[in-house]
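Inspection log for the structure reproduced underneath, given as structure tokens.
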Amino acid sequence: MMTPHINARLGDFADTVIMPGDPLRAQRIAETYLTDARRVCDTRNMFGYTGYYKGKRLSVMAHGMGIPSVSIYVHELITGFEVKTLIRVGTCGAVDDGVDMRNVIVATGAGTSSSVNRDRFGGYDYAAVADFDLLRHCWTVAQHQQIPAQFGNTFTNDLLYDKPAGMLPALRKMNILAVEMETSALYSLAAQHRARALSLLTACINSNTGEEPAAEQQQTALDNMFRLALETAIFSD
């Protein structure tokens, strides 16, 4: 039972899927953290893997970049492969002055510049928020395992390079922690299909100053994010 963009069979994916944007990052997560991992899909080199993390069956599947790409893969995972929980692990640009780029950013909600959620919601503004139980479990894991994390609102933008002149001041005014390109769509699709979703982010740049973290600092933040996602997945079972 393949879908147009995922050449797997029903049962190949676990109930919970960890979703980075980059297929090679999906491969790295599977090879580093999962046992008995096997590749279950590779259409368009968008790799997906299923294995075990501390005895729990988990999958990792890349979602590409931007709202259209993540929407395709999330829709097909939920409706075609009966996935119930999706946890995004991605990068972002820090916006608020209080963001420490060494921390994992946990998106409690996500505004957006895209019209996609309005189109899906009858022309109205939809409040795209994370699943509460996943948020609660994530907070508990971060506290118990001392993983530095900040919880707050984020913003999903369609444009990576050409941001409108007034956008960053507006985000800072409203205490938006970070800007990225997928979370709002992930949360709205999960709500539509009665699934659970959470988005974890690490800052690869300060969107206000252009400052980038050192390579070692960035890698530590990424590893913390992967570990927080995996531990949240097994804690919430």
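Within 6.0 Å of OH in Tyr52 there are 12 or fewer heavy atoms belonging to other residues, nucleotides or ligands.
Residues Val95, Phe155, Met167, Leu171, Met174, Ile176, Val179 make up the rest of the hydrophobic cluster containing Leu168, defined by ILVMFWY side-chain heavy atoms closer than 4.5 Å, directly or through other members. In this structure, Val129 shares a hydrophobic cluster with no other residue, the cluster being traced through Ile, Leu, Val, Met, Phe, Trp and Tyr side chains under 4.5 angstrom apart. The other residues sharing a hydrophobic cluster with Leu177 are Val99, Ile105, Leu201, where clustering joins ILVMFWY side chains under 4.5 Å apart.
For residues 166-224, every residue pair satisfying the ring pair (Phe, Tyr, Trp, His ring centres under 6.0 Å) rule, not counting sequence neighbours, is listed here: His75-His193.
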Show me the donor-acceptor pairs within less than 3.5 Å that the side chains of residues 65-74 make with the rest of the protein, sequence neighbours left out.
{"from": "Ser69", "atom 1": "OG", "to": "His63", "atom 2": "O", "distance (Å)": "2.7"}
{"from": "Ser71", "atom 1": "OG", "to": "Ile67", "atom 2": "O", "distance (Å)": "2.7"}

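Checking His144, His137, Gln145 one by one against Glu231, the side-chain hydrogen bond (donor to acceptor under 3.5 Å, both in side chains) holds for a single residue, Gln145.
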TODO: Could you go through the salt bridge (Lys or Arg N to Asp or Glu O under 4.0 Å) check for Asp12 and Arg38 one step at a time?
DONE: CA-CA 10 Å; Asp12 280 347; Arg38 65 183 182 93; 3.1 Å; yes
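Under the 3.5 Å distance criterion, the side-chain polar atoms of Thr154 are matched with a main-chain donor or acceptor of Gly109. Looking only at distances, no side-chain donor or acceptor of Thr202 sits under 3.5 Å from a matching main-chain atom of Leu222.
A salt bridge does not link Arg172 with Asp96: none of the charged nitrogens is closer than 4.0 Å to a carboxylate oxygen.
Qualifying ring pair (Phe, Tyr, Trp, His ring centres under 6.0 Å) partners for Tyr126, counting only residues two or more places apart in sequence or in other chains: Phe121.
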